[in-house]
Amino acid sequence: MRTTLPLLALLGLLSLAAASPLPAPALEDGLGKALQNRQTIRNFTGKPLPAQQLSQLLWAAYGVNRPDGKLTVPAALNRHAFSLYVLTQDGASLYLPKEHRLDQVSPKNLLPLADGSGRLGPAAGTAILLVGNAKVFDDLGATPEKAAFYLGVEAGAICQDIYLYCAAQGLGTVCCGSLQADALAKALQLPQGQVPFLTMVVGFPAR
């Protein structure tokens with residue numbers, strides 16, 4: 001009994017320590033406010049994004065942020081496997097991170113293909129299409145399952161950067177895994193191995 005009581009007391013203290021409350025999150029800085037405001041938005045005004053805002057959005061998602069050419073998101077084994085396409089009513093354009101410019105690849109309005117319902121893209125006016133290329137891992141002997149994992153990790157980082165930028169700038173966004181991938185691949189004439197992975201529909205939220 002003499003041994004058991006001190007042991008129980010010690011276990012009780014450890015339990016209390018494990019349940020100690022944390023300080024409240026600091027939400028005053030820009031990142032704190034962006035995280036607090038991060039959410040999915042599905043209702044939009046249809047107002048197009050100004051060029052400057054689109055430029056900032058693309059840089060935040062996949063732009064160069066260091067002199068050595070590395071990007072704002074991490075990549076598995078430092079091999080970036082995505083291309084970003086901007087879909088608007090005026091057509092589809094490929095984002096070139098190193099040059100920080102858009103090259104139009106199609107004059108067609110592909111926004112109805114940005115989600116399964118065909119509604120969100122046109123309602124928002126802008127969609128960022130993430131096209132993955134698992135072939136960048138071929139020389140590593142990665143299995144299809146491992147390559148898919150690598151793609152998912154990088155896509156998640158891109159999506160979160162877009163979510164945080166939108167939250168900080170008063171924009172709305174929604175991640176759409178139900179995009180019409182086959183139709184998009186055909187419309188964009190994507191090379192074999194490049195697959196539409198998901199879209200981030202972006203616009204001004206309807207209040």
Side-chain angles (χ1 to χ4, degrees), residues 29-35 37-40 49 51-88 92-106 110 114-115 126-169 171 173-179 181-182 184-185 187-202:
D29 63 4
L31 178 58
K33 290 180 179 178
L35 286 167
N37 293 330
R38 195 222 68 83
Q39 60 181 303
T40 291
L49 294 182
Q52 183 62 49
Q53 210 154 29
L54 178 60
S55 172
Q56 289 288 125
L57 172 67
L58 290 169
W59 178 84
Y62 216 57
V64 175
N65 69 344
R66 280 160 284 182
D68 60 5
K70 292 186 177 181
L71 306 184
T72 56
V73 294
L77 309 175
N78 201 30
R79 297 194 180 196
H80 288 284
F82 279 90
S83 299
L84 270 57
Y85 290 80
V86 179
L87 312 182
T88 68
S93 299
L94 174 64
Y95 175 56
L96 303 176
K98 292 184 179 180
E99 297 86 354
H100 190 64
R101 78 165 192 261
L102 286 172
D103 282 358
Q104 189 174 61
V105 295
S106 172
L110 303 179
D115 70 289
T126 303
I128 309 300
L129 169 65
L130 278 62
V131 173
N133 182 10
K135 289 185 175 296
V136 301
F137 307 115
D138 279 356
D139 63 315
L140 303 175
T143 64
E145 293 77 13
K146 182 62 75 173
F149 171 76
Y150 292 154
L151 288 172
V153 169
E154 187 176 358
I158 298 169
C159 290
Q160 187 70 326
D161 275 7
I162 292 175
Y163 264 115
L164 290 177
Y165 175 78
C166 289
Q169 296 298 315
L171 297 173
T173 188
V174 53
C175 178
C176 300
S178 62
L179 72 166
D182 292 342
L184 282 167
L188 294 172
Q189 299 181 342
L190 296 178
Q192 185 177 9
Q194 294 192 20
V195 179
F197 201 78
L198 54 82
T199 58
M200 295 294 293
V201 171
V202 180

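Residue numbers run from 1 in the order of the sequence given.
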note = Nearest heavy-atom approach of Leu110 to Ala187 is CD2-CB, 3.8 Å
message = If I take atom OH from residue Tyr150 and atom CG from residue Leu77, how far apart are they, to the nearest 0.5 angstrom?
response = 4.5 Å
ask   = Any side chain to side chain donor-acceptor pair (under 3.5 Å) pairs touching residues 127-142, not counting sequence neighbours?
value = Arg79-Asp139
note = Rounded to the nearest 0.5 angstrom, the CD1-OG1 distance for Ile162 and Thr173 is 6.0 Å
task = Kindly say whether Val131 contributes a backbone atom to a donor-acceptor pair with the side chain of Ser83 at under 3.5 angstrom?
result = no
key: Residue pair Leu102 / Leu96, side-chain heavy-atom distance below 4.5 Å   = no
Residue pair Leu71 / Val64, side-chain heavy-atom distance below 4.5 Å = yes
query = Hey, which of Leu94, Val86, Leu198, Leu188 is the one that makes side-chain contact (heavy atoms from CB on, under 4.5 Å) with Leu129?
reply = Leu188
message = Minimum heavy-atom separation for Tyr95 and Gly63, please, with both atom names.
response = OH-CA, 3.7 Å
task = Please examine the side chains of Leu87 and Leu184, heavy atoms only from C-beta on, and report whether any two atoms are closer than 4.5 Å.
result = yes
ask   = Does a side-chain heavy-atom distance below 4.5 Å link Phe82 with Glu154?
value = yes
Separation between OG of Ser55 and CD of Gln53, rounded to the nearest 0.5 Å = 10.5 Å
ask   = If every non-hydrogen atom of Thr72 is compared with every non-hydrogen atom of Asp161, which pair is closest and at what distance?
value = O-OD2, 3.3 Å
4.5 Å side-chain heavy-atom contact, Phe197 and Ile158 = no
ask   = Can you list the steps and then say if Gln189 with Val105 is a side-chain contact (heavy atoms from CB on, under 4.5 Å)?
value = CA-CA 9 Å; Gln189 299 181 342; Val105 295; over 6 Å; no
task = Would you indicate whether the side-chain heavy atoms of Cys166 and Leu57 approach each other to under 4.5 Å?
result = yes
request  = Grab the two heavy atoms, one from Met200 and one from Cys159, that are nearest each other, plus how far apart they are.
outcome  = SD-SG, 3.6 Å
message = For Ala81 versus Val136, what's the shortest heavy-atom pair and its separation?
response = CB-CG2, 3.7 Å
task = Report, as yes or no, whether the 6.0 Å neighbourhood of atom CD on Gln192 holds more than 12 heavy atoms from other residues, nucleotides or ligands.
result = no
key: Side chain to side chain, Phe149 and Glu145, heavy atoms closer than 4.5 Å   = no
request  = Please examine the side chains of Ile128 and Thr199, heavy atoms only from C-beta on, and report whether any two atoms are closer than 4.5 Å.
outcome  = no
Tyr163 OH to Leu171 CG distance, which is reported to the nearest 0.5 Å = 13.0 Å
ask   = How far apart are the closest heavy atoms of Ala114 and Cys176, and which atoms are they?
value = O-CB, 3.7 Å
